[in-house]
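Only one structure is covered here, and it is reproduced in the block below.
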Amino acid sequence: MADIERHDYDVIVIGAGGAGLRAAIEARSRGLRTAVVCKSLFGKAHTVMAEGGIAASMGNVNSRDNWQVHYRDTMRGGKFLNNWRMAELHAKEAPQRVWELETYGALFDRTPEGKISQRNFGGHEYPRLAHVGDRTGLELIRTLQQKIVSLQQEDHAEHGDYEARLRVYPECTVTELLLDEGRIAGAFAYWRENGRFLRLEAPTVVLATGGIGKSFKVTSNSWEYTGDGHALALRAGANLIDMEFVQFHPTGMVYPPSVKGILVTESVRGDGGVLRDAEGRRFMFDYVPEVFKGSYADSEQEADGWYSDPDNNRRPPELLPRDEVARAINSEVKEGRGSPHGGVYLDVASRLPAEEIARRLPSMHHQFKELADVDITAESMEVGPTCHYVMGGVEVDPDTAASGVAGLFAAGEAAGGMHGSNRLGGNSLGDLLVFGKRAGAGAAEYVAGLGARPEVSQADVEAAEQRALRPFEESGSAAAQHPYALHGELQQVMNELVGIIRRGEEMSSALDELAELKDRAGHMAVFEGNRQFNPAWHLTLDVANMLLVSECVARAALRRTESRGGHTRDDHPGMDATWRRRQLVCEHRDGAVTVTERTHPPMRRDLLELFDITELRKYFTADELGEVTAEL
Amino acid sequence: MAYQAHLQVWRGDADSGELRDYTVEANEGEVVLDLLHRLQATQCPDLAVRWNCKAGKCGSCSAEVNGRPRLTCMTRMSVFAEGETITVTPMRTFPVIKDLVCDVSYNYVKAREVPSFTPPEGLEPGEYRMQQVDVQRSQEFRKCIECFLCQDTCHVIRDHEENKESFSGPRFLMRVAELEMHPLDSYEEAGGNRAEEARGEHGLGMCNITKCCTDVCPEHIQITDNSLIPLKERVADQRYDPITRFFRRKKD
């Protein structure tokens, strides 16, 4: 066997989005020799697509905001299924993580007092999202990227080498985690540019690979979102939780067809935009669910009054959590009240002066003008739901981001628990920063407490190499499969059968189809080209991950016989309080995915007391609350 | 509606390559990148193309369409006549890796040579105060998606490999300007001089403000007017002010 490029680190961070970069900054700052491995060029990660902002209760616009209010909003948004400790840490630490970005050079929009400006968003009680116009994700990624560079400049000054302690491996894909008796020992990867393999040795790996959206046909996600971290974790023996919860963002572009799914930021609604049916009616008033009735307006007059006088008016229903709005749009279209291309209208043109729209929503203005010939300062946008985010992910310890596999950590979208059944807009960027940092710190502590370093076995490296090269051998086989076609079929199955509205029989047939696809996927082949920058080969490896993760989604979704957050079942339309405490855990054993049920630990007393008992009654069973009320 | 479009795509690697002709379906509303993806899926599975967001936000899919530096995801097919042959080639300023993918590492090298933001002494996180009007100037430059089209089109390096060593290109001169205009950057207090370094380390003097970079910027950043010219003015103020010039000459 030819020599493989080999490197030694203390931590390998997989993914260079917000979570990965924040983890790398933390690990390197704590003295760890750190590698960041990412599938794209440095600075292109999907985080750049985030538009609205970072939710952090700094209280710059409404001084009543604090971590407790943010915590409550997060738990409500997730329908109380969230890991409460993660939600607590997130609400408490997000402001510090945002302020820290300013010390790295970030330039957020300002309030008149010169503080960081904050905007309204769905499900957030007060204006809470730190933002830069509608390109906050770009600011976040660039800021972290530039912080990485500044650490490299320090290393250059000290060691004469920019990469002495922190190196980015761009356009490099990890295909396998390498273990030593169940502990992380390293990772096996290839350079996309030339197909050469890499053996990276390190006792810790931080998974920060983002989501799984590319398993669905209509999605706001980029090609990188193929569930790599989810699949790597499963195959290494870690658990995935909450995989049935997939967020469909209510407003994706629907027309022209080539842009279907591209995100239209929630800021449009946060800044005053409203949803209308084909007749021009604001339909969201019909869709305020029982649990949210107290805090959302029931008339246009009250809703419009809220923007200037939030103390005496309830919030507009367009700002309900995403799952509610997505379902509402879906049913409007289904009932025949949609727009010509199967969406509804999002109208900001009649709500704000043209120059204000261009100032607050510059990239939306640009996006619609360039891609759809629509001037959003004058016309309504056509929008509909698009697969956006997976709430489920690797089960981690909230404080250290450690998974069940020693040395394996996960943060950001790849980790599960924080958002429960539905994520609030703005809570993703906060999540990346808070838990990215914690994962970096967790890895550093683990390394400090480590005795002998785990060792990579040569046999594992060879096996990983064989697996990666298999698609080249398949091209001669009679059963050979085209990866692009197979990927298309997978997206169709997930979109239609395990999509925004689900049904038991449909999911069962999805599982049959997934099994069939999985068999065929074993024969995916590279028909043309060699290992040099060959997208067909890359896709064969990505599709294998997507299939594994899709199976988890479908199995967990079939099992949960209720509707909650990002899991809506036509055959079980109600939210069932007995399901609130039950968590579905996916494991991979002997090549098969199994789903087991587990009970959430009860919320800590002081956190529970942040809520009104009448609100808790809407979500908790009488039994659960019986114990609480007896104690209170 | 749908029609058969004629594409010429550069295929090859660092050693050799050629323009190849393809006929591929184009549908309403599609962009050049959609057609490249359709080529991958139906005719040439190994066609190398970089892309990520497909919404003009990440700056990955840069190439030259009919010789003009563009994001392929933001180039609508409707800007071309149906019978027209559309030629797609990799960015010329950077070495080709394969097909439309080139080696843009030059940019990452230059990025590292710009000293980072220097936080002000004595201000804790959370204590930063800046006015919108003051952050706005740098914010414009932070809209940059690093597509490197400005670098690609810049004639200082487009056909002059030899200039790459001493010239950082519009993208990174703009980065220097962005930091220079940052209301709280304390680099100068720490003894640095960003404008002078733009001249000395990054080759600002080689730019003769032909505005080609501004013309191709998909984010419509006024690179020349708002960053390069003010930076040049700052250099001129510092270097050619008769009084300071007199003193500096004595030092030199």
Side-chain angles (χ1 to χ4, degrees), chain A residues 40-44 46 48-49 58 95-96 99-100 102-105 107-110 113-115 117 132 135 138-139 142 146-147 149-150 152-153 156 162 193 222-224 255-259 262-263 363 366-367 370-372 482-485 488 526-529 532-537, chain B residues 13 27-31 34 40-42 44-60 74 76 78 97-99 101 103-104 108 111-112 114-117 119 123-132 134-135 138-139 142-146 179 182-185 219-220:
Chain A
S40 286
L41 291 172
F42 187 28
K44 305 296 179 197
H46 197 56
V48 303
M49 296 286 287
M58 297 179 285
Q96 203 58 36
W99 286 324
E100 190 172 72
E102 292 199 300
T103 71
Y104 301 169
L107 286 174
F108 292 103
D109 288 348
R110 319 304 296 181
E113 306 82 63
K115 296 177 179 176
S117 176
V132 185
R135 57 157 190 90
L138 174 65
E139 183 69 13
R142 204 63 83 228
Q146 288 163 350
K147 177 64 179 175
V149 166
S150 95
Q152 291 180 322
Q153 289 171 343
H156 184 253
Y162 286 109
E193 177 180 330
S222 83
W223 70 267
E224 294 196 278
Y255 189 82
S258 67
V259 299
I262 293 181
L263 190 65
S363 45
H366 182 238
Q367 179 175 313
E370 303 271 327
L371 295 176
H482 280 277
Y484 294 102
V526 178
F527 292 95
E528 254 180 75
Q532 192 188 14
F533 217 114
N534 191 335
W537 178 40
Chain B
D13 57 23
N27 300 305
E28 190 185 356
E30 287 188 333
V31 294
D34 287 313
Q40 277 184 332
T42 57
C44 29
D46 64 332
L47 170 64
V49 184
R50 270 199 191 104
W51 70 287
N52 275 55
C53 75
K54 208 179 164 287
K57 293 190 171 65
C58 74
S60 301
M74 296 302 277
R76 296 273 298 270
S78 56
I97 293 173
K98 187 184 160 198
D99 305 336
V101 173
D103 175 1
V104 292
Y108 291 91
R112 273 181 184 166
V114 180
S116 299
F117 171 72
L123 276 190
E124 291 301 311
E127 294 176 352
Y128 285 40
R129 297 289 177 275
M130 294 176 264
Q131 289 303 310
Q132 184 61 38
D134 296 324
V135 298
S138 295
Q139 276 185 334
R142 291 181 74 81
K143 275 164 45 183
C144 172
I145 56 175
E146 298 203 330
L179 288 162
H182 190 302
L184 289 177
D185 177 53
E219 288 293 302
H220 308 299

Given heavy-atom pairs under 4.5 angstrom as the criterion, report whether the side chain, backbone, both or neither of A/Ile262 touches chain B. side chain

Indicate the ring-plane relationship of B/Trp51 and A/Trp223, choosing parallel, tilted or perpendicular according to the 30° and 60° boundaries. tilted

Go through the atoms of A/Gln152 and report whether side chain, backbone, both or neither lie under 4.5 Å from a heavy atom of chain B. side chain

For chain A, which of B/Ser78, B/Gly56, B/Gly59 has the most heavy-atom pairs under 4.5 Å? B/Gly59

Heavy-atom contact with chain A under 4.5 Å, split by part of B/Val104: side chain

Would you check, one step at a time, whether the test side chain to side chain contact (heavy atoms under 4.5 Å, CB included) holds for B/Gln139 with A/Glu139? CA-CA 9 Å; B/Gln139 276 185 334; A/Glu139 183 69 13; over 6 Å; no

Interchain contact, A/Ser40 with chain B, by part (heavy-atom threshold 4.5 Å): side chain

Which atoms of B/Ala41 come close to chain A, meaning under 4.5 Å heavy atom to heavy atom: side chain ones, backbone ones, both, or neither? both

Start with the C-alpha gap between A/Val132 and B/Arg142, add the side-chain angles, then the distance that decides, and say whether side chain to side chain contact (heavy atoms under 4.5 Å, CB included) holds. CA-CA 10 Å; A/Val132 185; B/Arg142 291 181 74 81; over 6 Å; no

Heavy-atom distances under 4.5 Å only: say whether B/Asn27 touches chain A with side chain, backbone, both or neither. neither

Residue pair A/His366 / B/His220, side-chain heavy-atom distance below 4.5 Å: yes

Please state whether the side chain, the backbone, both or neither of B/Arg112 comes within less than 4.5 Å of a heavy atom of chain A. both

